[in-house]
Amino acid sequence: MLRSHVHPTAVHERRETARTAAASGRADHDPAVRGDQLVQLLAPDGTRTPDPEYEPWVEDVDADRLVALYEDLVVVRRLDVEATALQRQGQLGLWPPLLGQEAAQVGSARVLRRDDFVFSSYRENAVAYCRGVDLTDMVKVWRGTANSGWDPFAVGMATPQIIIGAQTLHATGWAIGAVKDGTDAVAVAYFGDGATSQGDVNEAMVFSASFRAPVVFFCQNNQWAISEPVGLQAVRPLADRAPGFGIPSVRVDGNDVLAVMAVTRQALDRARRGEGPTFVEAVTYRMGPHTTSDDPTRYVDPADREVWAARDPLLRVERLLEREGLLDDQVTTAVKQAADSAARRMRAGCLGLTAPEPLSLFDHVYATPSSWLERQRSQYAAYLAMYEDGDGTAAQDGAR
Amino acid sequence: MLRSHVHPTAVHERRETARTAAASGRADHDPAVRGDQLVQLLAPDGTRTPDPEYEPWVEDVDADRLVALYEDLVVVRRLDVEATALQRQGQLGLWPPLLGQEAAQVGSARVLRRDDFVFSSYRENAVAYCRGVDLTDMVKVWRGTANSGWDPFAVGMATPQIIIGAQTLHATGWAIGAVKDGTDAVAVAYFGDGATSQGDVNEAMVFSASFRAPVVFFCQNNQWAISEPVGLQAVRPLADRAPGFGIPSVRVDGNDVLAVMAVTRQALDRARRGEGPTFVEAVTYRMGPHTTSDDPTRYVDPADREVWAARDPLLRVERLLEREGLLDDQVTTAVKQAADSAARRMRAGCLGLTAPEPLSLFDHVYATPSSWLERQRSQYAAYLAMYEDGDGTAAQDGAR
Amino acid sequence: MTAPTTDRTAGPSAPSPTAGPTTLTLAGALNLGLRHSLEEDPAVVLMGEDIGTLGGVFRVTDGLQRDFGADRVMDTPLAEAGIVGVAVGLCYRGYRPVVEIQFDGFVYPAFDQLVTQVAKLRYRTQGRVSMPITVRIPYGGGIGAVEHHSESPEAYFTHTSGLRVVTCSHPQDAYTLLRQSIACDDPVIFLEPKRRYWTKAPVEASLDGAPPMEAAAVVVEGADVTLVAYGPLVATARDAAVAAADDGIAVEVIDLRSLSPMDLATVEASVRRTGRLVITHEAQQHGGLGAEIAASITERCFEHLEAPPVRVTGFDVPYPPAKLEEHFLPGLDRILDGVDRVLGRPHSLTGREG
Amino acid sequence: MTAPTTDRTAGPSAPSPTAGPTTLTLAGALNLGLRHSLEEDPAVVLMGEDIGTLGGVFRVTDGLQRDFGADRVMDTPLAEAGIVGVAVGLCYRGYRPVVEIQFDGFVYPAFDQLVTQVAKLRYRTQGRVSMPITVRIPYGGGIGAVEHHSESPEAYFTHTSGLRVVTCSHPQDAYTLLRQSIACDDPVIFLEPKRRYWTKAPVEASLDGAPPMEAAAVVVEGADVTLVAYGPLVATARDAAVAAADDGIAVEVIDLRSLSPMDLATVEASVRRTGRLVITHEAQQHGGLGAEIAASITERCFEHLEAPPVRVTGFDVPYPPAKLEEHFLPGLDRILDGVDRVLGRPHSLTGREG
Ligand SMILES: Cc1ncc(C[n+]2csc(CCOP(=O)(O)OP(=O)(O)O)c2C)c(N)n1
Ligand SMILES: Cc1ncc(C[n+]2csc(CCOP(=O)(O)OP(=O)(O)O)c2C)c(N)n1
Ligand SMILES: [Mg+2]
Ligand SMILES: [Mg+2]
């Protein structure tokens with residue numbers, strides 16, 4: 001028979017939860033999420049949505065933890081706004097805003113262990129924040145002073161990947177290595193909806209399924225790949241793609257920080273128990289431009305944006321806190337101060353970043369010196385030395 | 001909820017046939033086909049298997065047509081044996097046998113229209129035969145006298161693709177073009193189980209689903225990619241992969257010529273009606289080596305091969321013909337003669353193929369002459385002319 | 001990532017092929033070339049990421065989907081191998097696909113389809129299957145972009161038999177070469193110097209009397225040194241010629257235009273007069289196109305050379321961060337230093353070996 | 001496709017690193033090198049298509065999965081981008097992956113991962129992330145194979161900053177260079193001359209006293225002409241030197257070994273003595289490595305050159321069908337014709353331009 005169902009096989013036998021549509025409904029009228037159910041624990045109005053399967057995964061989230069999550073969300077949004085401002089002021093060359101995707105990033109990143117490892121794209125600055133990336137390091141790439149800002153091994157996160165989808169294979173390789181090493185650490189690959197069309201991402205699913213690699217494929221479906229709507233990449237929900245590769249998947253309300261935490265924890269748990277990869281589709285929305293160079297007025301319907309504005313990931317935590325009486329002045333002030341202080345640190349760090357020393361151009365191409373390149377370096381040093389001011393600046397006109 | 005089911009969406013709403021397990025069962029004990037049902041119309045013992053969904057697609061197959069199919073199967077097997085012999089005798093450099101895959105190839109190729117277009121790999125010589133490829137043209141590549149043997153437009157079939165999976169994208173592009181042209185012709189991409197791991201094949205599924213391209217992805221799962229069993233490429237049946245891309249799929253007994261015809265017709269019909277791509281997994285077995293250079297004793301369990309020998313695609317048609325009293329001496333003799341005659345023609349054609357003229361090396365690199373290459377050609381002509389015998393043979397030692 | 005973009009394309013009231021010269025940016029001239037190709041030949045289709053609704057991240061395809069429909073100007077899924085592989089299939093049906101690769105650094109996923117299919121299909125099929133694909137790639141640095149947005153991959157393509165490679169340096173050639181590339185029955189890698197997208201000049205929107213696609217152009221005449229450049233560095237080379245003139249040195253600047261095949265006859269004729277050759281490109285030096293030019297010209301003009309050809313190129317490092325790119329890219333002064341070197345005047349390596 | 005294979009590898013009773021020379025085929029020496037690398041360093045893992053149970057289509061990995069387990073010698077799914085991308089991830093965890101690409105023509109799907117990731121990760125991360133990957137690629141023609149099985153893609157890699165590229169021409173170097181490549185903290189493209197897999201010679205299974213990976217080797221001394229070759233053509237170049245000696249011409253043959261970086265000092269020293277340079281490789285000429293050698297040596301030895309460097313290479317056409325490959329590949333006579341040319345003796349182009 002022609003089939004559109006994927007039948008589970010013995011290879012990856014799993015409990016099939018006979019789940020009611022409890023968590024769904026709210027988003028069903030929306031074309032972006034039509035025809036499918038989203039895991040949700042926290043509704044846009046700040047009420048908790050009961051979900052017997054996923055509730056247990058966040059039962060440790062007490063008042064303190066909730067406030068901490070709120071602070072994260074506020075801080076990363078503040079940092080995003082600050083970086084956008086820095087770009088507008090000419091201090092950064094470019095910035096890819098994450099506005100709207102805070103919950104997807106914070107929720108998933110905050111449940112990782114130190115020894116887990118993140119392979120992300122360029123937009124995961126909130127993930128980087130949660131991993132402990134220094135705020136100055138975070139903007140180096142965007143200021144153009146370095147091709148990457150931090151030491152991946154110090155924070156358990158690779159530096160931003162610009163080639164769409166390439167990092168999913170790296171995560172898979174890391175995960176295969178983790179198994180070889182006998183650890184239960186997990187690799188997490190972050191990528192977008194557009195990335196799912198790339199061969200690399202599909203090959204990562206093939207390899208990770210074959211090797212039962214402990215990797216979580218965390219897809220932020222923010223509805224756009226620059227100007228292209230997700231419907232151009234896929235005619236079915238992205239989460240539907242994984243099961244055919246033998247990878248269980250889950251579709252979560254990506255603007256619900258609790259639900260994101262829950263599904264990510266479940267995926268991590270599967271991976272740690274040796275059950276292999278999981279695919280998470282976090283359904284969210286890119287509220288800003290693709291990058292500061294983009295002009296979304298050319299392709300975004302403002303009405304759509306409005307619909308999503310009502311699902312704001314930060315606001316719903318704020319409402320929950322209000323409902324539960326946790327949002328007193330003290331908290332509000334502390335959170336605001338944390339955000340402002342982070343923004344100040346990022347700004348100061350950014351402004352302090354200067355162009356690297358010219359001859360550093362030749363550093364770190366190879367681990368061991370190359371005769372050929374050493375010659376070029378010394379010739380360029382001689383060239384720079386011709387100029388009186390010694391630092392070679394007068395000589396520099398390559399970009400004109 | 002974690003899911004392994006793919007939910008059909010409104011985008012590709014289709015009839016879900018509540019089909020019983022009638023056609024399955026026979027192969028269920030076999031690891032190669034475990035856990036799933038195969039469409040089957042003709043059992044290994046030559047009995048017809050009733051199947052209300054697929055039966056109608058082959059109801060025009062009368063006695064004559066059945067005998068013709070039988071002849072096809074016998075002829076293509078005979079040609080395959082002949083080509084293998086030619087290779088052993090040093091007349092061909094290499095040959096990729098199709099032994100065991102006759103029904104999958106003949107069944108699918110014989111239901112195509114003249115204006116459909118095939119994009120295949122290197123193993124589809126039975127498809128080429130059915131498309132009307134000249135037998136001498138068929139062996140040119142393997143004798144090394146040309147990089148491809150025939151005019152694709154004369155027979156509606158591209159020449160063999162060696163880069164695994166690349167042709168699936170070509171089929172998709174052709175199909176997109178066919179829609180633009182307003183024709184209901186269909187592209188058929190043939191590829192193997194191993195190919196499903198390549199990015200290209202997955203991207204072909206993405207593009208064809210997005211553009212609703214009339215393409216049939218015909219995957220011959222012959223259980224092997226050289227020495228690698230299909231289980232290394234996929235932990236679930238290959239047909240399970242397509243639905244997640246929005247492409248309906250079907251798993252068919254690839255050794256049953258009638259079932260293959262039926263599912264292919266259904267797929268072609270969908271495509272012609274504008275319903276887009278279909279994925280067919282023809283479950284079969286490579287009874288011979290990967291190519292004449294391969295040594296399958298290093299990796300094939302002879303017991304497995306025995307299991308599959310009992311499912312021989314040719315034998316079961318023979319048994320059906322016997323049962324129906326259609327296999328009299330006249331038919332047997334005629335079929336044998338057709339096969340022998342084809343083999344003789346192939347052999348004679350092969351032996352008549354000689355090395356191309358040396359300077360043809362420079363032909364057809366560009367449509368319009370290139371100054372650079374014309375210079376090389378004339379310099380090489382001068383070089384050849386230095387040698388007394390004029391044809392340059394004394395000069396040729398490049399390969400030593 | 002997208003680089004800064006502006007909206008300065010030809011627009012709907014585009015000059016017709018017979019209307020006489022209009023002042024256009026290089027990006028606008030490309031847009032007009034695409035428009036006229038679409039108008040002239042129904043087999044022409046455009047494909048790429050963000051080329052439809054958005055009009056491309058550099059707006060080179062601005063307005064074309066609106067005017068020619070989504071059937072001819074197709075936004076595609078985000079997969080370069082897929083785009084090029086699908087273009088191959090369209091060629092089998094007689095189409096002439098014009099593919100946009102969003103930035104230089106994103107062409108590599110398509111490399112297999114380009115090298116094993118696009119470049120080889122005509123040869124493989126003894127001329128039966130044509131691949132009239134044009135692959136447009138914005139390339140080169142100087143725009144302060146992040147990694148993978150400033151590369152010069154031309155040498156990978158010029159080493160690939162079966163491909164043609166051309167590049168433009170000013171609006172007129174943007175128009176002319178693009179239309180010729182699309183009309184060409186061979187696959188053409190069409191490299192667009194992205195930092196020159198906003199250069200303005202009058203454009204004659206006609207192919208009448210246009211030089212052939214293969215021809216190099218002498219853009220500044222001079223008797224002392226031959227300076228070969230292409231794409232983004234032609235403007236820099238012209239500036240260098242002006243600066244050298246102040247020193248009494250007459251630099252002849254050749255804009256190569258076609259990188260494969262190259263019009264070496266034009267270079268050869270010049271070097272036979274000047275006896276001195278400087279080649280400049282942004283791409284890394286090792287195995288760059290400069291090596292081929294130097295080697296070929298040495299082979300053809302050995303007796304005429306007064307000094308070994310000098311290459312002024314990017315260094316053999318990955319493209320550096322934006323704040324270092326001025327050191328990577330050949331600029332006016334480094335080119336002049338190369339000119340001094342072939343002339344035996346004091347230069348940066350005076351007194352050093354080699 | 002697989003090419004003809006035989007089973008002549010070192011086998012389980014492989015000589016230990018200290019056992020003294022054994023006669024091995026080039027394929028056997030590679031097998032032994034892999035074995036010793038696996039023994040010496042637990043971080044070394046092998047990945048590829050058909051390398052485990054089958055032992056590789058050329059049997060270079062024969063017996064290694066049996067002896068080191070499927071955990072260290074991994075058959076992978078059929079996807080080259082996947083293999084290389086996964087190898088990158090393994091490097092992040094401290095592994096040293098040795099990847100086999102089955103044939104030269106199948107490396108292109110991995111090109112993106114090689115160029116944008118493997119080559120650039122160290123630079124991108126300011127030295128924090130190492131990519132000690134070795135990519136083994138059987139390359140070159142002369143085995144009568146079908147399309148995509150006879151290519152010489154080295155120039156794509158030698159133009160890619162961040163990669164090292166080496167190739168071996170005889171069993172000893174097969175062993176030595178492979179072990180050095182695996183031990184190297186940089187990514188190395190390791191090119192194996194497939195038509196020489198069955199060449200036999202004594203191999204010292206030790207790295208003691210081995211020349212550094214970067215060093216070229218003068219394999220035949222001679223005062224009249226310098227002939228630079230690498231990989232499969234070193235044997236042909238040696239034969240050419242013998243043939244030339246009959247004519248009283250002393251050809252110095254240099255086996256380049258490392259293609260990036262190149263040991264030009266050795267070539268330069270030779271050319272300063274001979275004043276004449278011939279370069280040969282199977283790869284297409286346009287933008288091939290020969291262009292870089294010719295350009296660089298001209299730059300460094302201009303005053304010493306008596307004639308322009310001559311390149312004897314594959315022609316600028318896609319790899320032809322097997323029955324034409326003898327015309328494509330540089331052979332003894334074409335190399336000798338090149339030698340005649342640099343010596344000003346009568347040759348095929350005598351009386352022609354250029
Ligand atoms: C291989 C490659 N092709 C094209 C691009 C250009 N590009 C940068 S971001 C982007 C869209 C990515 O969309 P998605 O994967 O949904 O991630 P998002 O930007 O929405 O986070 C594109 C096409 C690229 N960086 N890499
Ligand atoms: C890109 C690429 N990688 C590797 C190969 C080498 N190769 C040739 S056939 C083959 C196995 C293909 O298996 P499958 O797709 O199942 O087709 P089958 O040979 O079984 O018909 C391999 C690995 C190739 N031809 N192309
Ligand atoms: Mg997106
Ligand atoms: Mg197979």
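Numbered from 1 within each chain, the chains take letters A, B, ... in sequence-line order. Hydrogens, waters and symmetry mates are skipped; everything else that's a heavy atom, side chains included, is used. These numbers come from a predicted model, not from an experiment.
Contact of P320(D) with chain C is made through backbone and side chain together, with heavy-atom distances under 4.5 Å. For a residue to count as touching a neighbouring chain, one of its non-hydrogen atoms must lie under 4.5 Å from one of that chain's; by this rule E306(C) touches chain D with the backbone only. Only the side chain of V115(D) comes within less than 4.5 Å of a heavy atom of chain C; its backbone N, CA, C and O stay farther away. Looking at L259(C), only its backbone comes within 4.5 Å of chain D, counting heavy atoms on both sides. For chain C, the nearby part of Y123(D) is the side chain; its heavy atoms alone come within less than 4.5 Å. Heavy atoms closer than 4.5 Å to chain C are found in both the backbone and the side chain of L305(D). Contact annotation for Y108(D): both backbone and side-chain heavy atoms come within less than 4.5 Å of a heavy atom of chain C. Neither the backbone nor the side chain of E154(D) comes within less than 4.5 Å of any heavy atom of chain C. Heavy-atom distances place no part of L277(D) under 4.5 Å from chain C, backbone and side chain included.
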Apply the test side chain to side chain contact (heavy atoms under 4.5 Å, CB included) to residues Q285(C) and H159(D): give CA-CA distance (whole Å), side-chain angles for both, the deciding distance (0.1 Å), then the verdict.
-> CA-CA 8 Å; Q285(C) 179 165 105; H159(D) 183 54; over 6 Å; no
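No other option in P309(C), S296(C), P318(C), A294(C) has as many heavy-atom pairs under 4.5 Å with chain D as P318(C). Comparing E303(D), E80(D), R311(D), H286(D) by heavy-atom pairs within less than 4.5 Å of chain C, the highest count is held by H286(D). Counting heavy-atom pairs closer than 4.5 Å to chain C, the top-ranked of the candidates A110(D), G288(D), A307(D) is A307(D). With chain C as partner, the option from Q113(D), E292(D), M262(D) having the largest number of non-hydrogen pairs under 4.5 angstrom is E292(D).
To the nearest 0.5 Å, atom CZ of residue R124(C) and atom NE2 of residue H148(D) are 4.0 Å apart.
Contact check for T116(D) versus F106(C): no side-chain heavy atoms found under the 4.5 Å cut-off.
One side chain, T160(D) or Y156(C), offers a donor N or O that lies under 3.5 Å from an acceptor on the other.
Using a cut-off of 4.0 Å between Lys/Arg side-chain N and Asp/Glu carboxylate O, K120(D) and E147(C) are scored as not salt-bridged.
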